[in-house]
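Shown next, in structure tokens, is the structure this report addresses.
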Amino acid sequence: MVNAGTPWKLRDSEWMIANNAELLAQKHFLIGITRVRNEALILGDTLDFVGRHVDAIIAYDDASTDQTLELLRSHPKVALVLANGTWETDIKARREAEHRHRQLLLQCAREQLLFDWMFCFDADERITGDLRGFASGPRVKGCDGVSIQLFDAYMTPDDCVPYQPNRELLGFRRFYGPEQRDILMLWRDRPEVFFAEGHEREPGGIGRLCTDLYCQHYGKSLSVEHWEETCDYYIKHFPFETYGRKWLARKGQAIHTQSDFMRPLYEWGDALFANAVKI
């Protein structure tokens, strides 16, 4: 068991820091894991929001250059921080590192915490509904993992004020695209669950899956400036043919009257879900 406040070296430029000793070696019902880089703008609200649902959080900070690491280390629900001091610039090597980071989160969670369920989240996502109540309720009976239905929020001509820190991100935007991505975010602790090469956000080894709950995704709608930064990130750091070309075409297109897939936008609710298109 790693000692609270004492960094434990994992490899060159990579450390594990026990942030909250009271959360270690306890039995938890639901914990969260996340991999972040330069998310200081929204991270305070993210940790507060997720912290209301989970017992503890383990985070991997991938060489952030803003206040992300400090925010992680100061939050009472963050049990462990895995801190990487060197950003991998090679596209192929960096993508390979990402599944290793998530497998490391999973491994450290199993070694340092006891838990029944794991929730894998990104900083710009907000689950709607009672995640904790759902995981303990009858709808997960017979399920080992849950794919959550995610919809992108968009900035529109009448709703494009930039997000400001210390406000709630849930419900921040009015309109969403009908494109629905079902992402495996929630699973029971099973020894066969793992992240390996080819796994990005979702692990392997989960048998019985169900689809439930909804998620608002704000990666495209924090501000015009953030949109442009997102475009540049995918252009520079992802394979051009599969990601870069698409995001190059999106530069200068932050404000929307329809989705990136040329479909109508809907307010959050039944009309959006009724018109959902799985992608």
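- Residue L209 comes nearest to V146 through the heavy atom pair CD2-N, 4.3 Å, listed as atom of the first residue, atom of the second, then distance.
- Under a cut-off of 6.0 angstrom, the local environment of CD in E225 is sparse, with at most 12 non-hydrogen atoms contributed by other residues, nucleotides or ligands.
- With values rounded to the nearest 0.5 angstrom, L72 atom CG is found 10.0 Å from T46 atom OG1.
- Classification of the H256-W227 ring pair by plane angle, with boundaries at 30° and 60°, yields perpendicular.
- The shortest distance between side-chain heavy atoms of Q216 and F172 does not fall below 4.5 Å.
- Considering only heavy atoms from C-beta on, V193 comes within 4.5 Å of P203 through its side chain.
- Scanning all heavy atoms of the two residues, the minimum distance from A123 to V36 falls at CB-CG1, 4.3 Å.
- The shortest distance between side-chain heavy atoms of L80 and L23 does not fall below 4.5 Å.
- Side-chain atoms of D124 never come within 3.5 Å of backbone atoms of Y218 as a donor-acceptor pair (strictly under, hydrogens ignored).
- Judged by distance alone, the side chain of D55 and the main-chain N or O of L30 form a donor-acceptor pair under 3.5 Å.
- Defined by atom type and a distance below 3.5 Å, a donor-acceptor pair is missing between the side-chain atoms of T65 and R37.
- When each of I148, L213, I127 is paired with F134, the side chain to side chain contact (heavy atoms under 4.5 Å, CB included) condition holds for L213 and for no other.
- A donor-acceptor pair under 3.5 Å is formed between the side chain of K77 and the backbone N or O of V54.
- Proximity of D152 to S221: side-chain heavy atoms (C-beta onward) are nowhere separated by under 4.5 Å.
- A donor-acceptor pair under 3.5 Å is formed between the side chain of R188 and the backbone N or O of C143.
- Distance check, rounded to the nearest 0.5 Å: CD of E70 to CG of L43 gives 10.5 Å.
- Taking the six-membered ring where tryptophan is involved, the planes of Y214 and F151 are tilted, since the angle between them lies from 30° to 60°.
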Kindly determine whether E98 and Y60 satisfy side chain to side chain donor-acceptor pair (under 3.5 Å), including the steps that lead there. CA-CA 10 Å; E98 289 186 12; Y60 190 102; over 6 Å; no

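- Contact detail for I235 and G244: the closest heavy-atom pair is CG1-O, 3.7 Å.
- One side chain, Q180 or D182, offers a donor N or O that lies under 3.5 Å from an acceptor on the other.
- When the side chains of ILVMFWY residues are joined at heavy-atom separations under 4.5 Å, either directly or via intervening members, L184 and F115 end up in a single hydrophobic cluster.
- Of all heavy-atom pairs between L170 and R126, the closest is CD1-CB, 3.7 Å.
- The closest donor-acceptor contact from the side chain of S223 to the backbone of P162 lies at 3.5 Å or more, if one exists at all.
- No more than 12 heavy atoms of other residues, nucleotides or ligands shown are found within 6.0 angstrom of NZ on K141.
- Salt-bridge check for D45 with R167: failed, with every basic side-chain N at 4.0 Å or more from each acidic carboxylate O.
- Here the CG atom belonging to D260 is positioned 4.0 Å from the NZ atom belonging to K220, to the nearest 0.5 angstrom.
- No hydrogens or angles considered: nothing links the side chains of N20 and H75 as a donor-acceptor pair under 3.5 Å.
- Contact annotation: the side chain of R263 never approaches that of N275 to less than 4.5 Å [non-hydrogen atoms, C-beta and beyond].
- S147 places no side-chain N or O within 3.5 Å of a backbone atom of T211 that could act as its donor or acceptor partner.
- In terms of modelled atom types and a separation under 3.5 Å, the side chain of T68 and the main chain of A40 share a donor-acceptor contact.
- Of the residues V78, V81, L113, the one that meets the side chain to side chain contact (heavy atoms under 4.5 Å, CB included) test with I58 is L113.
- With rounding to the nearest 0.5 angstrom, the CZ atom of R100 is 13.5 Å from the CZ atom of F195.
- Atoms CG and NE2, from D130 and H53 in turn, are 7.0 Å apart once rounded to the nearest 0.5 Å.
- Under the 4.5 Å side-chain heavy-atom criterion for Ile, Leu, Val, Met, Phe, Trp and Tyr, L24 and M118 are members of the same hydrophobic cluster.
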Could you go through I279 and R181, starting from their C-alpha distance and side-chain angles, then the distance that decides it, and tell me whether this counts as side chain to side chain contact (heavy atoms under 4.5 Å, CB included)? CA-CA 6 Å; I279 60 172; R181 287 175 284 162; 3.5 Å; yes

Checking side chain to side chain contact (heavy atoms under 4.5 Å, CB included) for the pair L222/L169: CA distance, chi angles, key distance, verdict? CA-CA 9 Å; L222 294 175; L169 188 57; 3.8 Å; yes

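- D158 and T156 are not linked by any side-chain donor-acceptor pair at a separation below 3.5 angstrom, with hydrogens and angles left out of the test.
- Closest of all the heavy-atom pairs between H199 and F194 is CE1-CE1, 3.3 Å.
- By the criterion of side-chain heavy atoms lying less than 4.5 angstrom apart, applied directly or through intervening Ile, Leu, Val, Met, Phe, Trp or Tyr residues, F29 is grouped together with F119 in one hydrophobic cluster.
- Side-chain atoms of N19 come within 3.5 Å of backbone atoms of R73 as a donor-acceptor pair (strictly under, hydrogens ignored).
- No side-chain heavy atom of E14 sits less than 4.5 Å from a side-chain heavy atom of L82.
- Of the possible donor and acceptor atoms, one in the side chain of R173 sits under 3.5 Å from a partner among the backbone N and O of D159.
- At a threshold of 4.0 Å, the pair R201-E125 counts as salt-bridged, since one of the basic side-chain nitrogens sits closer than that to a carboxylate oxygen.
- Grouping the Ile, Leu, Val, Met, Phe, Trp and Tyr side chains by contacts below 4.5 angstrom, directly or via other members, places L69 with V50.
- Looking only at side-chain heavy atoms (C-beta outward), L106 and R102 stay at 4.5 Å or farther from each other.
- The main-chain N or O of F240 is never found under 3.5 Å from a side-chain atom of R245 such that the two would form a donor-acceptor pair.
- Atom NE2 of H101 is separated from atom CG of D62 by 5.0 Å, given to the nearest 0.5 angstrom.
- More than 12 heavy-atom neighbours from other residues, nucleotides or ligands sit within 6.0 angstrom of NZ on K251.
- Remark: the E179 side chain and the S259 side chain contain an N/O donor-acceptor pair separated by less than 3.5 Å.
- A centroid separation of 6.0 Å or more is found between the aromatic rings of F273 and Y266.
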Between V277 and F261, does the side chain to side chain contact (heavy atoms under 4.5 Å, CB included) criterion hold? Intermediate values first, please. CA-CA 10 Å; V277 179; F261 302 88; over 6 Å; no

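- By the 4.5 Å heavy-atom criterion applied to side chains, F121 and C215 are not counted as neighbours.
- Hydrophobic clustering, with ILVMFWY side chains joined whenever heavy atoms are under 4.5 angstrom apart, groups L131 together with V140.
- Considering all non-hydrogen atoms of both residues, I31 and A109 come closest at CD1-CB, 3.8 Å.
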